[in-house]
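Have a look at the structure below, then the notes.
Every chain is numbered from 1, with letters handed out A, B, ... down the list of sequences.
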Protein chains: 2
Amino acid sequence: MANIEHFRAFVLAAELGSFSAAARQMGKAQSAVSTAIANLEIDADVQLFDRSGRNPVLTAAGAALLPNARGILLGNQEFLARATSMSQGVEGHLCMAIEQGISIKPLLDLLRAFTSTFAHVSLEIVTPDPTDMAALLKQGRAELGLMIEQEGYPTGFQFRGVGYSRTVPVTAHDHPLATLAQVRHADLRKYRELVPQSRQSAETARTDRRKSPSVWYAENPMLVLELVAQGFGWAELPYSIIADRLRTGDLAQLNYAFQQSDILQGVDAVWTEQRALGVAGQWMLNKLLELPQDVWREGEQVA
Amino acid sequence: MANIEHFRAFVLAAELGSFSAAARQMGKAQSAVSTAIANLEIDADVQLFDRSGRNPVLTAAGAALLPNARGILLGNQEFLARATSMSQGVEGHLCMAIEQGISIKPLLDLLRAFTSTFAHVSLEIVTPDPTDMAALLKQGRAELGLMIEQEGYPTGFQFRGVGYSRTVPVTAHDHPLATLAQVRHADLRKYRELVPQSRQSAETARTDRRKSPSVWYAENPMLVLELVAQGFGWAELPYSIIADRLRTGDLAQLNYAFQQSDILQGVDAVWTEQRALGVAGQWMLNKLLELPQDVWREGEQVA
DNA sequence: AGTTTATATCTGAATTACAGATAGATGGAT
DNA sequence: ATCCATCTATCTGTAATTCAGATATAAACT
């Protein structure tokens with residue numbers, strides 16, 4: 001049956017323009033290459049080389065099939081490479097859960113480095129609702145999480161701060177709050193607050209008492225963004241997802257009277273104790289911890 | 001050595017969750033599958049299945065490598081499929097030369113149909129200067145050409161009209177010509193004409209005496225477009241490449257007093273007699289000839 | 001416990017792959 | 001024109017492999 005080496009013979013012969021040369025390079029007899037290619041031609045029912053001359057010359061069919069043969073060879077190489085990578089304890093897949101609203105821009109260089117360091121590890125990034133984060137990690141769906149820091153994590157979870165995410169209060173540009181030079185608590189309470197969280201997680205979790213009595217919840221920050229843009233109320237949203245619309249004047253940033261308007265929320269890397277991180281996951285975690293703080297302030301013009 | 005069938009055994013076993021079932025489906029003995037996979041594991045130096053239970057279960061490594069194995073199988077399938085396609089006289093590659101300025105929009109459906117009818121034929125589209133077209137076809141670099149019709153073609157070329165391309169005279173929106181309700185020859189002669197052709201081809205070829213005494217030539221229509229937009233003069237350009245900029249008001253269409261401003265130039269399919277078209281090329285030519293005329297009037301609001 | 005169905009392993013047979021040798025052919029050098 | 005080096009196809013016998021069948025054993029199910 002078709003053997004990988006036979007494809008190698010084909011490709012080498014095509015590249016070198018000689019069966020003998022290919023045989024020498026493969027450390028085999030010339031006859032081996034000759035019959036291997038002949039068999040390939042029988043199996044495929046095409047002439048791969050024109051043998052009328054002293055040296056074989058690729059036919060049109062051979063030239064067209066050469067990339068395919070190379071593809072098979074590459075596939076085999078990758079199979080082996082990935083296998084040895086895994087036999088050395090490197091996992092084949094790493095899933096990172098990055099909470100919605102945390103920008104991946106600060107991570108782009110890191111991800112680039114990952115692809116070159118762990119070429120054989122496929123990377124998956126999921127962006128769950130904060131509520132789902134724990135489940136994802138617990139059931140092993142994701143190995144490593146990035147989320148806005150909480151007061152406490154359930155037992156079994158490890159966490160370390162790795163950076164921060166800037167959250168900014170905004171409204172639509174034509175919202176009454178946008179006209180105020182200083183926004184006081186009393187002003188906020190007059191209008192609807194839009195919270196990028198599911199209701200249930202917001203009620204159980206964290207520190208924050210909402211600032212307004214009228215609150216809408218939406219699971220998806222982008223949804224909240226849309227609602228804010230449509231004038232439904234105000235929200236505190238990650239800078240990364242509103243930067244563009246602040247620039248276009250679509251949205252307006254509020255200026256809090258009672259505190260710094262820019263709210264810096266810590267970003268934690270989270271993982272479970274039970275599931276040991278693989279080599280690639282470990283690497284990713286270390287690089288996250290080493291990340292210089294200034295990569296987190298993107299497009300910065302802090303108010 | 002690693003045999004394609006062994007990878008198939010791996011994939012089938014993984015899919016069916018059973019070596020025996022895989023063996024049955026392959027028409028082989030169970031022991032063959034068992035040893036094939038065992039050998040794969042030795043070669044790759046990884047455990048692919050966890051055999052502690054009654055049925056083998058993929059390990060993490062096995063799951064990670066499964067897509068790779070599938071890739072190899074697919075590669076092999078494609079190799080064979082393409083080979084049989086070619087053994088039936090279908091060429092492996094078709095190169096079409098489409099003259100710069102002819103829009104490919106009317107052809108999109110046709111190209112889509114091509115990809116499904118000739119899945120194993122790779123398609124290449126080059127967009128040469130009209131001057132280069134003949135050379136490309138003659139030397140076999142391209143099998144089929146689409147170009148603006150000429151009065152005569154060199155011997156050895158076949159040609160058939162397949163459609164038309166709309167050419168429209170334009171200037172920048174703030175060009176003096178743009179203010180005229182009717183543009184006469186005398187007006188045109190006052191300003192620089194920009195011709196999307198190399199000087200040499202324009203001098204040797206065709207009917208057209210340029211309308212203005214001051215002429216600039218540029219090989220690339222997009223370059224001409226830029227020059228026109230910058231106010232360097234006026235040009236007759238294919239509607240397809242200026243449609244957007246007409247819409248944004250960046251460019252303005254001129255209204256000829258002496259003829260229809262919209263100049264419909266025929267598009268010819270051109271090929272050489274010597275190089276017989278393959279099955280796919282023949283198909284493409286036939287479909288081009290059958291193309292209903294109305295696909296050629298795109299975004300039409302004819303003046 | 002008994003039955004069924006699974007996998008690993010062993011053995012011998014059949015197939016296949018290969019090295020080495022041979023013959024014919026080609027292209028370049030003399 | 002002749003010779004030489006080198007190419008490829010093919011033949012032959014041997015070595016390696018692949019595989020089916022048989023056997024042992026383990027797991028799930030009745």
Side-chain angles (χ1 to χ4, degrees), chain A residues 1-59 61-63 65-66 69 72-73 76 79-80, chain B residues 1-59 61-63 65-66 69 72-73 76 79-80:
Chain A
M1 275 301 116
N3 189 314
I4 299 281
E5 288 291 286
H6 298 159
F7 288 105
R8 205 157 79 89
F10 168 40
V11 171
L12 271 176
E15 282 170 352
L16 300 172
S18 154
F19 291 1
S20 309
R24 282 192 292 272
Q25 193 151 330
M26 295 173 71
K28 296 196 170 181
Q30 170 260 324
S31 61
V33 172
S34 183
T35 54
I37 292 177
N39 287 334
L40 226 51
E41 289 179 320
I42 291 168
D43 288 348
D45 193 27
V46 265
Q47 195 90 356
L48 296 175
F49 289 95
D50 171 17
R51 291 151 164 98
S52 64
R54 170 182 167 85
N55 281 345
V57 176
L58 273 180
T59 61
L65 289 171
L66 187 56
I72 294 173
L73 251 45
N76 187 57
F79 184 93
L80 257 23
Chain B
M1 272 302 116
N3 189 314
I4 299 279
E5 287 292 284
H6 297 158
F7 288 104
R8 203 157 82 88
F10 168 40
V11 171
L12 271 175
E15 282 170 354
L16 299 172
S18 155
F19 291 2
S20 310
R24 281 192 292 274
Q25 192 151 332
M26 295 173 71
K28 297 196 170 182
Q30 169 261 324
S31 61
V33 172
S34 182
T35 54
I37 292 178
N39 286 335
L40 226 52
E41 288 178 319
I42 292 168
D43 288 349
D45 193 26
V46 264
Q47 194 91 355
L48 296 175
F49 288 96
D50 172 17
R51 294 158 164 91
S52 63
R54 169 184 168 85
N55 282 345
V57 176
L58 272 180
T59 61
L65 289 172
L66 187 56
I72 294 172
L73 251 47
N76 188 56
F79 183 93
L80 258 22

(request) Tell me which nucleotide among C/dT7, D/dC7, C/dA19 gets nearest to the side chain of A/K28. (result) C/dA19
(request) Taking only the side-chain heavy atoms of A/A32 (C-beta and beyond), determine which of D/dT8, C/dA19, D/dT10 contains the nearest atom. (result) C/dA19
Figure out the [atom1]/[atom2] separation between [X] and [N], and round it to whole Å.
X	N	atom1	atom2	result
A/F19	C/dA25	CZ	P	18 Å
B/I42	D/dT17	CD1	C1'	14 Å
A/D43	C/dT16	CG	C1'	13 Å
A/L12	D/dT8	CG	P	13 Å

OP1 or OP2 of [N] under 4.0 Å from side-chain N/O of [X]:
X	N	result
A/R24	D/dT6	no
A/S20	D/dT8	yes
B/H6	D/dT17	no
A/S31	C/dC18	no

Say you draw a straight line from [atom1] of [X] to [atom2] of [Y]; how long is it, rounded to the nearest 0.5 Å?
X	Y	atom1	atom2	value
A/F10	A/E41	CZ	CD	8.5 Å
B/N3	A/E5	CG	CD	12.0 Å
A/L58	A/F49	CG	CZ	4.5 Å
A/L40	A/F7	CG	CZ	5.0 Å

(message) Set out, in order, the CA-CA distance, both residues' side-chain angles and the distance that settles side-chain contact (heavy atoms from CB on, under 4.5 Å) for A/D43 and A/H6, then state yes or no.
(response) CA-CA 12 Å; A/D43 288 348; A/H6 298 159; over 6 Å; no
(request) Please state whether the base of D/dT8 and the side chain of A/R54 form at least one donor-acceptor pair under 3.5 Å? (result) no
(request) Spell out yes or no: do the side chain of B/Q30 and the base of C/dA8 have one donor N/O and one acceptor N/O closer than 3.5 Å? (result) yes
(message) With nearest nucleotide decided by heavy atoms, which residue, A/S52 or A/G27, maps closer to the 5′ end of DNA chain C?
(response) A/G27
(request) For A/G53 and for A/N3, find the nucleotide of DNA chain D with the closest heavy atom, then tell me which residue's nucleotide is more 5'. (result) A/G53
(request) Could you check B/N55 against B/N39 and say which one's nearest nucleotide on DNA chain D is further toward the 5' end? (result) B/N39
